[in-house]
Amino acid sequence: MDFIGEHLFPGRLGHFFVILSLVASLAATYAYFVATRRKDEAEKAHWRQLARIFFYAECVSIVAIFSILFYIISNHLFEFKYAWQHSSRSLEAKYLLSCFWEGQEGSFLLWSFWHCVLGLVVIRREKQFETPVMTIVSFAQVLLATMIAGIHIFGWKIGSNPFVLLRNELDAPIFARADYLSFVKDGNDLNPLLQNYWMVIHPPVLFLGFASTLIPFSYAIAGLWTRDYKGWTKPALSWSLFSAGVLGTGIMMGAAWAYESLNFGGYWAWDPVENASLVPWLTLVAGVHTLLIYRHTGNALRSSFVFIGLTFLLILYSTYLTRSGDLQETSVHAFTGEGITKWHLRALVAVFLFPTIFLMVRRWKSIPHIAKEEEASSREFWMFIGSLVLLLSAITISVMTSLPVLNKIAGLFTDKQLFKPLAMGEDSAFAYNRIQVFVAIIIGLLTAISQYFKYKSTSRDFVLRRLRWPTVTAVVLAGLVLAFGDINYREYGAGYMAAIWVALVCGIYAVVANAAFIWTGANGKLRAAGGSVAHVGFGMLLVGILISSSKKEVLSHNTTGIFVPLGEGGKEKPGENLTLVKDLRTDMGKYWVTYNQDSMHPQKPLAFYNLAFTSKDGKESFNLKPNAFVNYKGNAGLMANPDAKHYWNYDVFTYITSLSNDPGKAPEDTSSFKPATLGVGDTAWYGKGFIVLESLQSRNNLPGGNFAPQDSATVANLKVYAKTSSIYTLQPLLIKKGGVAMPYPDTATAEGLVVQVQALKGNRVELGLKESDAVLRYITLKAYKFPFINLVWLGTLVMVAGFFMSAVRRRQLNRVGALKMETSKL
């Protein structure tokens, strides 16, 4: 059957490049492998040149796939399942790229793209290790290519091709028609949570971080493979510093997205997917420090192999956790996709894990090591202790994160009736925090003092003399913060609060001591002090986390007595959520806040709510516009994107927890008018207060050409006294025209009250009173004050800058060293 309106050429071309990508990466892997094994230089060069051609073909294929898929999505070619499933005509152009990484195929494609970019850099700059390193990079490309291959081998489907047609994947009667596309008016749209600018820039940076860990891993494996146990460390250190900076940036971009888009009231929730990115970063930072130890002392070479190897393996494991669906019930943004099975993901981990273990075990005794233990007075001793602490932290987080997976494994070997699954408890964040706070104490302290030690050995007097003033300064600053900052975590007991105080002192100490070291140890040469800059940033980040979390203040305490059902499965505390009635100024601590306006997205059931904040002292006023929507893709329920007012020393952070009606739906009014006959001065009661008839005015001979002399109008002047102490004036009308009575009601929106004049009875009037939630427009709001939240973001920027400064410095030192070696040969 010929289907009307289909554009098949882009899909066929895309499928061609998918196959070419798989074949080219296989060929590049084989050619680089042979080049590594050859001893003859001419033969080695021949195979290397051939391998480069295949890798270039792989790069061209990935770029072509990326471009064709973008063309399909941006042109709304819904005959392709990927475009239909992840985009829509109403999607804003800036979010079209986000459609790539909502699906598994697109995110693997992004990962593969970064491998191509990094591989080209290695080819251009690397001389000694190009062939073994690129063998591993190309092999990783083979595995990623299988993820988007969508080919069938012996009845097994391998991967999921992003160019499959909708009619071949879905079973519906319309696909039996040649004109089925005329019924496919729009796509399924992008997940609303991903319709945020952070989701345009965060995934590319995060996946560059993931991809970049492959390069130092490849150098480490190349060192084991070729038995060059030392040479790999020099380029691997530069790459590891770069990777640590990029991956750390990607992780904190995700935290910023969570802060602006998720309504758990913060930037880090120890979500399993967050943890899956954090754990490899911790081992990577540990590996950076052991590489530094080796470069200066010759120690910790074995540890460097372990840490660098473990980092990439943990990246693969995090990929499995994220995409297998095993964390679907415990993570807000774990996902699974069609066509990519758990066994395929497990194979991705296993195919790197077991060869790595085999190679390390086989070469372990051959790796040079120094039997003598480091002096406790040396810099390398404390750096190594810090690396071990980071490793223990990573193991702890991994085990706690992997509980759903461990429970499934344990369930296979135990009686299901007797086996009780392990669980984190109701307060999972505290379960992590009570352990990691001690990690923060140790790392903060080591970050402060370690650089004041010399490598190999340092006299006590030297260390004490140089640390004297930084220590005094830090103690004074920390004492002032603790004395006047009201840093408290009292809800978790005195012991935990004491640990927080100690961690805060250590964070301040890290900032002060490393800032001082830049001027004393590095003589003010900032370019040479990348490590100290990174440590300053880490200290600032730690202080920002502790202060902003400890002094996070709920502003939206319920003072109105209006309690409504809350969203998010009842997780919110009613007393910490303030209900705002439209146009009613409401007391919220130091602010008056008024919900005065709302507006709808032109094409989606997404509502924006304007909240006017005015401080009670009259010194400041601002508007916030949080939005909310009933999730129309995925699990149903109210979803909310927060909004915040940023000051240099705090944020006012708000999000919606309940609505009077679904956005985009007109409220249904099922109530009726109840009669009440009043004379002037009489009172009528309603559910939230009472009404007084102040006066009654009637008039004949109404002006205007539409009224006859016998027509009349009556207005009832009413005062409404609400239980909230608010007073409203209503003036409902009754017009008699041509003998027909026409009531014109008036409304007290904040009270959900509608009043109309129904009939006149001498000096009395019969009113109709209606109380309706359809009239009452309200939202329920959660508001926090985050003090010094900017320390978190500033600390991140400084720390990342330190990593990049160190990477550039290492690159320069390597280049100078290479030039000296060339000169010495001459």
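Keep in mind it's a predicted model, so treat the numbers as computed, not measured.
- Here Phe54 and Tyr30 keep their ring centres 6.0 angstrom or further from each other.
- In this model, a donor atom of one side chain and an acceptor atom of the other lie less than 3.5 Å apart for Tyr32 and Glu130.
- Put simply, the side chain of His86 never gets that close to the backbone of Trp84: no donor and acceptor are under 3.5 Å apart.
- Looking only at side-chain heavy atoms (C-beta outward), Trp111 and Leu214 stay at 4.5 Å or farther from each other.
- Using a distance-only test at 3.5 Å, with no hydrogens or angles considered, a donor-acceptor pair links the side chain of Lys44 to the main chain of Ala35.
- Rounding to the nearest 0.5 Å gives a distance of 11.5 Å between CE of Met147 and OG of Ser112.
- Two rings, from Phe100 and Phe66, have their centers less than 6.0 Å apart.
- Between the side chains of Thr213 and Ser243, no donor N or O sits under 3.5 Å from an acceptor N or O.
- Within 6.0 Å of CZ on Arg37 lie no more than 12 heavy atoms contributed by other residues, nucleotides or ligands.
- For Leu291 against Ser240, the heavy-atom pair with the smallest separation is CD1-OG, 3.9 Å.
- Residue His115 holds its NE2 atom at 8.0 Å from OG of Ser218, rounded to the nearest 0.5 Å.
- The side-chain heavy atoms of Trp257 and Ile201, taken from C-beta on, include no pair separated by under 4.5 Å.
- Phe163 approaches Gly11 most closely through the heavy-atom pair CB-O, 3.8 Å.
- Closest non-hydrogen pair, Met360 versus Gly309, comes out as CE-CA, 4.4 Å.
- Using bins of under 30°, 30° to 60° and over 60° for the plane-to-plane angle, the ring pair His76/Phe78 lands in the tilted bin.
- There is a side-chain donor-acceptor pair under 3.5 Å between Glu6 and Tyr180.
- In this model, no donor atom of one side chain and acceptor atom of the other lie less than 3.5 Å apart for Thr131 and Arg38.
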### Task
Could you give me the CA-CA distance, side-chain angles and deciding distance for Asp179 and Arg177, then say whether salt bridge (Lys or Arg N to Asp or Glu O under 4.0 Å) is met?
CA-CA 5 Å; Asp179 63 342; Arg177 300 174 57 115; 3.0 Å; yes

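- In the model, Ser398 has no side-chain atom that pairs as donor or acceptor with a side-chain atom of Tyr317 under 3.5 Å.
- Put simply, the residue from Trp232, Phe312, Phe305 that forms a ring-ring contact (aromatic ring centres under 6.0 Å, His included) with Phe217 is Phe312.
- A distance of 9.0 Å separates CG in Leu313 from CZ in Phe352, rounded to the nearest 0.5 Å.
- Atom CZ of residue Phe108 and atom CG of residue Leu143 lie 10.0 Å apart, to the nearest 0.5 angstrom.
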